[in-house]
S.K.: 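I'd like to ask some things about the structure below.
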Amino acid sequence: MFESLTEKLGSALRNLRGVGKLTEENMAEALKEVRTALLSADVHFKVAREFVERVQTQCVGQEVLKGVAPGQQIVKIIHDELVKLLGEGSTSLSSARPLKILMVGLHGSGKTTSSAKLGKLLKKRGYRPFVVGCDIYRPAAIDQLEILSKQEELGFYSDRTSQDVPAIGVAALAAAQTATADCVIFDTAGRLQIDQELIEEVKRLHARVQPDEVLLVVDGALGQEAVSVAKAFHDALSLTGLILTKMDGDARGGAALSIKSIANVPIKFIGTGEKTADFDTFYPERLASRILGMGDVVSLVEKAQETIDVKEAEKMAETLRKG
Ligand SMILES: Nc1nc2c(ncn2[C@@H]2O[C@H](COP(=O)(O)OP(=O)(O)O)[C@@H](O)[C@H]2O)c(=O)[nH]1
Ligand SMILES: [Mg+2]
């Protein structure tokens, strides 16, 4: 995942890690390389620019920590900014019961697979999930979902004779209730591109079933193009989250790093393979550490910061004692 970005960021920062003193020149040089690394990972240019600016501002205002090289401190700043870019602590799902989840996205992004994967994951969390095949245009998609639902022992509903997607949705809710399911996942149809007709259909389904979560499934290999896809779906459907798929493949990082700050929708899950088990809650911290590949430096700086915090607290206590 993101090997090339990791390599490029690594080389930009390696030179800086050891330097005893940061000068404007060596910092500017490194930050330029960081920006280039982000751009070549197909991160949206605005995101890359703002990222570098934020890092720069923080480097200037940073208090020098004892026992930490300035370059190492920058690694920590970049790490923290990456975490922010990927989105912090926003992966939880609505607590509504039944929990109704609408899966939307382009054709081939991984909606059907992710519907089954999410069902499996939620089952593990104690839900009784039910999946619904709403892709009436491709009978094979309904078969695919049915097979996966059998495999994972999830409730399943579809109506191969109906062309009325909102009606299928409503009937599915009734079937789910009868089956005492407490989580209903609607797998919908996709097109190769954003398509107004299709969006209208999903909107009608949305209006009828009133989902608690609207998750956009995005191919992680898309790059910054994912941003316009997310925007279009967000405008039409008010997304509540994203699922980035195929993160095991040639994902360069563009989609993951751009989407949260431009479309302002949190990444909630990632798909990391073709099997139903290859699916996980998204942890920004974990991915940031993987991208940077410098966990040792990050924890070193964290320790140094903790020491400072303790000292400050002691100082404050002392001041208070003296009154
Ligand atoms: N490697 C990999 N393949 C995936 C992942 N998610 C989906 N796929 C594959 O992508 C293809 C399209 O998936 P599908 O769920 O049918 O997409 P849909 O058209 O959006 O419903 C299938 O061959 C899936 O096996 C993933 O996380 N990793
Ligand atoms: Mg499908």
Side-chain angles (χ1 to χ4, degrees), residues 1-18 29-52 54-55 71-72 74-88 91 106 108-110 113-114 117 217-227 229-230 242-263 266-275 277-302:
M1 211 189 287
F2 304 169
E3 284 85 5
S4 149
L5 178 59
T6 301
E7 205 180 291
K8 291 206 174 87
L9 280 179
S11 77
L13 294 173
R14 206 164 298 129
N15 302 331
L16 221 47
R17 273 174 77 158
E29 184 64 29
L31 288 181
K32 207 173 108 194
E33 280 180 53
V34 167
R35 187 167 163 274
T36 310
L38 292 173
L39 290 176
S40 66
D42 202 17
V43 173
H44 195 280
F45 73 95
K46 243 171 90 183
V47 175
R49 192 180 60 206
E50 286 168 13
F51 182 85
V52 168
R54 274 200 308 276
V55 171
Q72 293 176 319
I74 293 189
V75 170
K76 172 72 163 83
I77 290 172
I78 290 188
H79 170 269
D80 292 352
E81 285 300 327
L82 277 177
V83 174
K84 274 189 214 153
L85 207 55
L86 291 164
E88 292 169 305
T91 56
L106 296 183
S109 58
T113 317
S114 299
K117 286 175 168 181
V217 182
V218 180
D219 185 333
L222 258 194
Q224 59 169 309
E225 196 191 327
V227 170
V229 173
L242 297 160
I243 298 178
L244 282 185
T245 61
K246 310 186 192 182
M247 296 291 273
D248 51 311
D250 50 4
R252 279 184 293 166
L257 288 165
S258 309
I259 221 157
K260 172 72 175 35
S261 67
I262 300 265
I267 303 165
K268 295 197 173 179
F269 300 97
I270 55 170
T272 55
E274 295 199 36
K275 291 201 282 298
D278 302 331
F279 193 74
D280 207 349
T281 302
F282 178 64
Y283 297 107
E285 174 79 31
R286 259 189 226 171
L287 187 53
S289 300
R290 260 179 89 163
I291 291 174
L292 266 186
M294 297 180 192
D296 52 335
V297 177
V298 173
S299 50
L300 176 75
V301 179
E302 269 164 8

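Heavy atoms only: backbone and side chains are in, while hydrogens, waters and symmetry mates are out.
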S.K.: Please report the shortest heavy-atom distance between Phe279 and Ile243, naming the atom on each side.
M.R.: CE1-CG2, 3.8 Å
S.K.: Give the minimum heavy-atom separation between Gly220 and Ala255, together with the two atoms involved.
M.R.: O-CB, 4.0 Å
S.K.: If you look at every heavy atom in Leu244 and Ile267, which pair is closest and at what distance?
M.R.: CD1-CD1, 3.8 Å
S.K.: Tell me, do Val47 and Leu85 make a side-chain contact under 4.5 Å, heavy atoms counted?
M.R.: yes
S.K.: Looking at CG of Leu38 and CG of Leu257, how far apart are the two atoms once the value is rounded to the nearest 0.5 Å?
M.R.: 7.0 Å
S.K.: Check this for me: Arg290, atom CZ, are more than 12 non-hydrogen atoms of other residues, nucleotides or ligands nearer than 6.0 Å?
M.R.: no
S.K.: Does the pair Phe2 and Leu287 meet the rule for a side-chain contact (heavy atoms from CB on, under 4.5 Å), with working shown?
M.R.: CA-CA 9 Å; Phe2 304 169; Leu287 187 53; 3.7 Å; yes
S.K.: For the atom pair OG1 (Thr36) and NZ (Lys8), what is the distance rounded to the nearest 0.5 Å?
M.R.: 9.5 Å
S.K.: Please determine whether side-chain contact (heavy atoms from CB on, under 4.5 Å) holds for the pair Glu285 and His79, giving the CA-CA distance in whole Å, both sets of side-chain angles, and the decisive distance to 0.1 Å.
M.R.: CA-CA 9 Å; Glu285 174 79 31; His79 170 269; 3.2 Å; yes
S.K.: Using a cut-off of 6.0 Å, state whether more than 12 heavy atoms not belonging to Glu50 lie near its atom CD.
M.R.: yes
S.K.: Name all residues meeting the side chain to side chain contact (heavy atoms under 4.5 Å, CB included) criterion together with Ala30; count only those two or more places apart in sequence or in a different chain, and write none if there are none.
M.R.: Leu16
S.K.: Of all the heavy-atom pairs spanning Val43 and Gly253, show the shortest one and how long it is.
M.R.: CG2-O, 4.3 Å
S.K.: Pairs in or reaching into residues 31-45: which pass salt bridge (Lys or Arg N to Asp or Glu O under 4.0 Å), with residues at least two apart or in two chains?
M.R.: Asp42-Arg252
S.K.: Which heavy atom of Leu5 sits nearest to which heavy atom of Ala41, and what is that distance?
M.R.: CD1-CB, 3.9 Å
S.K.: Check for a donor-acceptor pair, side chain of Thr245 on one end and backbone N or O of Val218 on the other, with a separation under 3.5 Å.
M.R.: yes
S.K.: Regarding Asp80 and Lys76, does a basic nitrogen lie under 4.0 Å from an acidic carboxylate oxygen?
M.R.: yes
S.K.: Has Ser258 got a side-chain atom pairing as donor or acceptor with Gln224's backbone, closer than 3.5 angstrom?
M.R.: no
S.K.: How long is the span from the CZ atom in Phe282 to the CG atom in Leu242, to the nearest 0.5 Å?
M.R.: 10.0 Å
S.K.: List the steps and the verdict of side-chain contact (heavy atoms from CB on, under 4.5 Å) for Met247 and Asp280.
M.R.: CA-CA 11 Å; Met247 296 291 273; Asp280 207 349; over 6 Å; no
S.K.: Should Phe51 and Glu81 be marked as a side-chain contact (heavy atoms from CB on, under 4.5 Å) after you check the CA-CA gap, both sets of side-chain angles, and the distance that decides it?
M.R.: CA-CA 7 Å; Phe51 182 85; Glu81 285 300 327; 3.4 Å; yes
S.K.: Please examine the side chains of Asp278 and Asp248, heavy atoms only from C-beta on, and report whether any two atoms are closer than 4.5 Å.
M.R.: no
S.K.: Quick check for you: to the nearest 0.5 Å, what is the distance between Ile77 atom CD1 and Leu82 atom CG?
M.R.: 12.0 Å
S.K.: How far does CD of Glu7 sit from CG of Leu9, to the nearest 0.5 angstrom?
M.R.: 10.5 Å
S.K.: When rounded to the nearest 0.5 angstrom, what is the spacing between CD in Glu225 and CG in Asp219?
M.R.: 9.5 Å
S.K.: Could you pull out the closest heavy-atom pair between Ser114 and Val217, with the gap in Å?
M.R.: OG-CG1, 4.0 Å
S.K.: With no hydrogens and no angle check, is any side-chain donor or acceptor of Thr6 less than 3.5 Å from a backbone partner on Ile291?
M.R.: yes
